[in-house]
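Here's the structure we're looking at; comments come further down.
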Amino acid sequence: MSSVYGVYRDRWGPPDRGRDRRRRCDRRWRQVQAVNVESALLLTQAFALGMRERGFGRVVFIVSNTFWRPPGAHMLAYVASKGALIGMTHALAVGLGGDGIAVTAVAPGLTRTRATGVVPAEEFEEVAARQALPRPLTPDDTAAVVAMLVAEDAAALTGQVLTVDGGLVMR
């Protein structure tokens with residue numbers, strides 16, 4: 001046991017070293033999961049009853065193409081939360097489909113919004129240059145796909161994730 005502790009101590013320092021940083025990371029992780037995953041689940045649960053009663057409904061989660069092409073470990077909580085939503089898309093499509101409720105997701109690429117205001121303009125340009133359709137993405141790109149998914153004409157589409165990123169991530 002002492003040799004395991006020694007290896008741990010030599011590599012990462014005493015057990016309490018970095019505790020404040022870990023607490024901040026833990027808080028950030030929980031916050032991102034609460035906002036991106038738990039809120040989506042709670043809203044789906046709240047609206048599912050009415051959709052079941054009508055025998056029709058649509059649930060569309062907004063995920064991210066970063067799930068398939070993560071920009072780095074600094075985005076771990078965000079990417080993991082979007083992966084959780086993709087899993088929820090599949091599970092809820094199966095669970096709610098019998099009640100006429102389709103569950104899908106849209107995975108936008110890097111889009112200029114208030115939330116991405118901290119991203120440097122150069123990064124937007126670099127990402128757009130790597131897209132098959134090399135142009136900036138707009139919120140309207142995502143909104144158009146969401147509108148298509150909630151239409152009655154999309155009745156047979158469920159459990160799928162549509163990537164709206166100008167062809168950056170092709171899967």
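Along the sequence shown, residues carry numbers from 1. Heavy-atom basis, side chains included; hydrogens, waters and symmetry copies ignored. This is a predicted model, so every value here is computed, not measured.
- Residues that satisfy the side-chain contact (heavy atoms from CB on, under 4.5 Å) test with V94, not counting sequence neighbours, are absent from this structure.
- Atoms CD and CG, from Q131 and L110 in turn, are 8.0 Å apart once rounded to the nearest 0.5 Å.
- Checked against side-chain hydrogen bond (donor to acceptor under 3.5 Å, both in side chains), T66 has the following partners two or more places apart in sequence or in another chain: S64.
- Of the options L85, I86, N65, a side chain to side chain contact (heavy atoms under 4.5 Å, CB included) to V161 is made by I86 and by none of the others.
- F47 meets the side-chain contact (heavy atoms from CB on, under 4.5 Å) test with L43, M51; sequence neighbours excluded.
- If you chain together hydrophobic residues whose side chains sit under 4.5 Å apart, I101 and M148 never meet in one group.
- P139 pairs by the side-chain contact (heavy atoms from CB on, under 4.5 Å) definition with T111, T113, not counting sequence neighbours.
- Connectivity analysis of hydrophobic side chains (ILVMFWY, heavy atoms under 4.5 Å, direct or indirect) links L137 to nothing; its cluster partners are none.
- Of all the heavy atoms in T116 and F124, the pair that sits closest is OG1-CZ, 3.6 Å.
- Here the side chains of W68 and V79 are not in contact, with every heavy-atom distance at 4.5 Å or above.
- Annotation: side-chain contact (heavy atoms from CB on, under 4.5 Å) contacts of A84 (sequence neighbours excluded): V37.
- Listed by first and then second residue, the side-chain hydrogen bond (donor to acceptor under 3.5 Å, both in side chains) pairs that reach into residues 34-48 are N36-S81, sequence neighbours excluded.
- Each salt bridge (Lys or Arg N to Asp or Glu O under 4.0 Å) pair with one or both residues in residues 158-171, not counting sequence neighbours, would appear here, but there are none.
- As a member of the Ile/Leu/Val/Met/Phe/Trp/Tyr network built from side-chain separations under 4.5 Å, L76 groups with W29.
- For the side chain to side chain contact (heavy atoms under 4.5 Å, CB included) with V146, the lone residue among L162, V164, V106 that qualifies is V106.
- Residue pairs meeting the salt bridge (Lys or Arg N to Asp or Glu O under 4.0 Å) criterion with at least one partner in residues 124-150, sequence neighbours excluded, are R135-D141.
- Transitive grouping of hydrophobic side chains (ILVMFWY, heavy atoms separated by less than 4.5 Å) brings L41 and V63 into a common cluster.
- One hydrophobic cluster holds both V169 and F61 under the rule that ILVMFWY side chains link at heavy-atom gaps under 4.5 Å.
- For the salt bridge (Lys or Arg N to Asp or Glu O under 4.0 Å) condition, the pairs that include at least one residue of residues 48-61, sequence neighbours left out, are R52-D99.
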When the side chains of residues 151-159 are checked against the rest of the protein, which donor-acceptor pairs come out under 3.5 Å, sequence neighbours left out?
{"unit_1": "T158", "atom_1": "OG1", "unit_2": "V103", "atom_2": "N", "d": "2.9"}
{"unit_1": "T158", "atom_1": "OG1", "unit_2": "V103", "atom_2": "O", "d": "3.3"}

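- Hydrophobic clustering (ILVMFWY, side-chain heavy atoms < 4.5 Å, transitive): V32 and I62 are in distinct clusters.
- Side-chain polar atoms of R30 and Q33 form no donor-acceptor pair below 3.5 angstrom.
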